[in-house]
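Worksheet for the structure shown next.
Hydrogens, waters and symmetry mates are skipped; everything else that's a heavy atom, side chains included, is used.
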Amino acid sequence: MLRLSTEFKYMYKKRVTYFALGALLSAASCTKEAAEPEVYEWEKGEIYFRTSLADVSATRAMDMTLDNLESFQVTCFNTGDIKKDAGGIILPYFADATFIRDNKSSLVTYKSSPAEGPRDWPEKDGLLKFYAFSPSCNVMMAGNAAITEQHRADYFNLINNSKESGSTVSIDYKLGTLRVNPDISGQFDFVTASASGERWKDFAGGVALDFKHQMSRVELKAWGANPSYNFEIAGIRLGNPVVEGAFNLASGASGSWETSTNTVKGKVEYIFRAEDKGDKIFCINATTHSTPETAGSLMGTAGAAMVIPTFNTKWEGLADQNIDVKPYSTEKMYFSVLLRVTGSNNGNKIYPYPGNPDNMTVIYYAVANSGEIISRLYPGDTPDTFYRDEQRQQPYTAAEDEEIKDFGWAAIPIDVDWEAGKSYVYTLNYSEGIGIHDPQDPDPGRPIGVQNPITWGVAVSKWDYAVKNEDYDPDLDVP
């Protein structure tokens with residue numbers, strides 16, 4: 001066997017063979033013939049990538065794993081052949097190119113999209129720098145209710161301020177401004193990677209991209225052992241995480257968020273719905289979710305929230321010196337749970353308050369006896385009149401096996417320090433209390449029912465690499 005060397009990088013066979021990473025790692029004794037090698041042409045010079053990605057148990061379709069990373073975007077700068085615009089900005093060799101999974105390969109590899117045409121190595125040898133992310137800007141923007149049609153151009157723009165000073169090349173390439181979807185079910189797992197590559201050593205083995213998760217993953221669970229109350233839950237809200245941010249793709253090994261003194265915060269939430277075909281009311285009573293071991297997720301079919309890393313101190317509630325200023329608002333952190341509380345002995349409703357004397361936000365559902373949500377409802381002008389739509393055009397009458405139930409928000413102040421690439425699972429304990437009125441209610445901060453606060457715990461874990469590319473030997477043996 002002859003080890004490939006730089007002296008012969010342009011002189012060896014035009015056809016070079018590589019083998020599946022899985023075969024190299026787990027079955028080194030296999031023959032080359034058994035590995036069914038893929039063949040790449042030196043003359044074509046097409047750039048392709050091999051990837052690794054932190055492995056996380058998928059709770060919904062948008063959790064990014066190697067199994068569902070179908071494509072990513074790549075911008076490349078050629079430091080060996082620099083070209084500039086009239087303002088001195090270094091132009092990318094190619095920008096925002098789509099690379100898609102090559103299903104013909106036994107190794108997880110990605111090639112340029114056929115619709116965009118091949119992305120080839122330059123004829124002149126030199127170091128290329130690659131900056132990758134997923135999902136695409138169009139995917140991240142799609143369905144985001146926080147972005148009005150009028151201001152769509154202000155979000156998810158790729159900004160290039162790369163320059164050369166003397167012999168120093170400074171790559172400055174950003175994604176700004178990224179806006180988190182306020183609907184948790186529409187959020188995305190944002191992953192990024194960067195790498196350098198040269199044709200003579202990477203065209204056959206592929207450029208290694210180690211993707212990292214750049215969002216914080218947040219999930220709420222609950223249990224309770226209150227002998228007096230039964231709880232029914234139909235939604236959750238994260239109050240005031242960071243919802244807008246610029247991401248510098250060229251900072252560090254895989255990019256970093258850029259902090260700002262004008263950090264934009266907001267709420268993200270998921271209100272259970274019928275159209276997702278699976279949302280059921282989450283119950284806490286004497287026989288269901290009544291111990292810490294039986295705590296269950298409050299995220300419905302939305303899965304975990306994916307939010308920008310956030311540091312925020314907890315909302316003070318009634319201790320806020322501005323609590324009496326109307327309309328009231330806060331930028332401090334809290335969770336809020338959309339719930340209904342009844343007495344465990346008599347079934348009498350405790351919350352939302354009967355008759356809604358405070359005119360607080362109340363959400364209605366038609367709920368089957370099985371707990372399945374049939375429809376969200378909107379009250380009419382007369383008692384016990386409901387409609388399927390906000391325009392009050394479609395009257396609704398509950399069937400015999402259904403009940404119309406109302407739910408109100410109950411908040412829990414909380415401190416958070418969320419980091420990129422970490423998962424935070426909060427477990428709420430409803431054994432002693434109900435919570436306090438949400439900041440958006442007419443009487444924010446007031447305790448609901450008993451004065452006892454909700455206690456909670458949090459489990460923090462890191463999304464580790466599923467496959468590290470440094471485990472792969474990039475040197476190539478040529479027979």
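Using a 4.5 Å cut-off on side-chain heavy atoms (C-beta onward), Ile171 and Asn160 make no contact. Contact annotation: the side chain of Met333 approaches that of Pro241 to within less than 4.5 Å [non-hydrogen atoms, C-beta and beyond]. Taking 4.5 Å as the limit, every side-chain heavy atom of Tyr110 sits out of range of all side-chain heavy atoms of Asp102. Looking at heavy atoms from C-beta onward, Ile82 lies in side-chain contact with Val169 at the 4.5 angstrom threshold. Using a 4.5 Å cut-off on side-chain heavy atoms (C-beta onward), Trp456 and Leu220 make no contact. Using a 4.5 Å cut-off on side-chain heavy atoms (C-beta onward), Met140 and Leu175 make contact. Proximity of Leu298 to Leu428: side-chain heavy atoms (C-beta onward) are separated by under 4.5 Å at one or more points. Taking 4.5 Å as the limit, some side-chain heavy atom of Ile308 sits within range of a side-chain heavy atom of Met215.
Note that OH of Tyr270 is 14.0 Å distant from CG of Leu238, once rounded to the nearest 0.5 Å. Atom CG of Asp443 sits about 9.0 Å away from atom CG of Asp324, to the nearest 0.5 Å. Put simply, OH on Tyr93 and CZ on Phe130 are 9.0 Å apart, with the number rounded to the nearest 0.5 Å. Note: Tyr378 OH to Glu390 CD = 4.0 Å, rounded to the nearest 0.5 Å. With rounding to the nearest 0.5 angstrom, the CH2 atom of Trp409 is 4.5 Å from the CD1 atom of Ile271. Here the CG atom belonging to Asn240 is positioned 13.0 Å from the CD1 atom belonging to Ile414, to the nearest 0.5 angstrom.
The number of heavy atoms from other shown groups lying within 6.0 Å of NZ (Lys265) is above 12.
Every residue two or more places apart in sequence or in another chain was checked for a salt bridge (Lys or Arg N to Asp or Glu O under 4.0 Å) with Asp96, and none qualifies. Listed by chain and number, the residues in a side-chain contact (heavy atoms from CB on, under 4.5 Å) with Thr98 are Ser71, Gln73, Ile100, Ser113, Glu116 (sequence neighbours excluded). Scored by the side chain to side chain donor-acceptor pair (under 3.5 Å) test, Ser136 finds no partners at all (sequence neighbours excluded). Residues passing the ring pair (Phe, Tyr, Trp, His ring centres under 6.0 Å) test with Phe247, sequence neighbours excluded: Phe190, Trp257. Not counting sequence neighbours, the partners of Arg179 by the salt bridge (Lys or Arg N to Asp or Glu O under 4.0 Å) test are Glu244. Residues that satisfy the ring pair (Phe, Tyr, Trp, His ring centres under 6.0 Å) test with Phe133, not counting sequence neighbours, are absent from this structure. Every salt bridge (Lys or Arg N to Asp or Glu O under 4.0 Å) that Lys84 has, sequence neighbours left out, goes to Glu164. Considering only residues two or more places apart in sequence or on other chains, Trp315 meets the side chain to side chain donor-acceptor pair (under 3.5 Å) condition with Tyr328. For Trp418, the side chain to side chain donor-acceptor pair (under 3.5 Å) partners are Tyr426, not counting sequence neighbours. Every residue was checked against the ring pair (Phe, Tyr, Trp, His ring centres under 6.0 Å) condition with Tyr131, not counting sequence neighbours, and none meets it. Evaluation of the ring pair (Phe, Tyr, Trp, His ring centres under 6.0 Å) rule for His289 yields Phe282 as partners, not counting sequence neighbours. For Lys326, there are no side chain to side chain donor-acceptor pair (under 3.5 Å) partners, not counting sequence neighbours.
Glu419 approaches Ser216 most closely through the heavy-atom pair O-OG, 2.8 Å. For Ala195 against Ala208, the heavy-atom pair with the smallest separation is CB-O, 3.2 Å. Here the closest non-hydrogen pair linking Tyr173 and Ala95 is OH-CB, 4.3 Å. Closest of all the heavy-atom pairs between Cys137 and Leu158 is SG-CG, 4.5 Å. Considering all non-hydrogen atoms of both residues, Asp189 and Pro135 come closest at O-CD, 3.7 Å. In terms of heavy atoms, Phe272 sits closest to Ile233 at CE2-O, 3.6 Å.
Ring geometry, Phe72 versus Phe99: the interplanar angle falls under 30°, so the pair is classed parallel (tilted spans 30 to 60°).
Not a single donor-acceptor pair under 3.5 Å links the side chain of Asp125 to the backbone N or O of Trp200. Gln187 places a side-chain N or O within 3.5 Å of a backbone atom of Met306 that can act as its donor or acceptor partner. Checking side-chain atoms of Thr109 against main-chain N and O of Arg50 turns up no donor-acceptor pair under 3.5 Å. With hydrogens and angles disregarded, no donor-acceptor distance shorter than 3.5 Å links the side chain of Asp202 to the backbone of Ile47. Thr79 contributes a side-chain N or O that, together with a main-chain N or O of Leu127, makes up a donor-acceptor pair within less than 3.5 Å.
Salt-bridge formation is detected for the pair Asp81/Lys83: a Lys NZ or Arg NE/NH1/NH2 atom is positioned less than 4.0 Å from an Asp or Glu carboxylate oxygen.
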| task | May I have the step-by-step check of salt bridge (charged side-chain N to carboxylate O under 4.0 Å, His left out) for Arg273 and Asp183, ending in yes or no? | result | CA-CA 12 Å; Arg273 55 194 68 160; Asp183 179 356; 3.3 Å; yes
| Stepwise salt bridge (charged side-chain N to carboxylate O under 4.0 Å, His left out) test for Asp438 and Arg237 | CA-CA 10 Å; Asp438 187 273; Arg237 173 182 292 164; 3.1 Å; yes
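A donor atom on one side chain and an acceptor atom on the other are not found under 3.5 Å apart for Tyr365 and Asp279.
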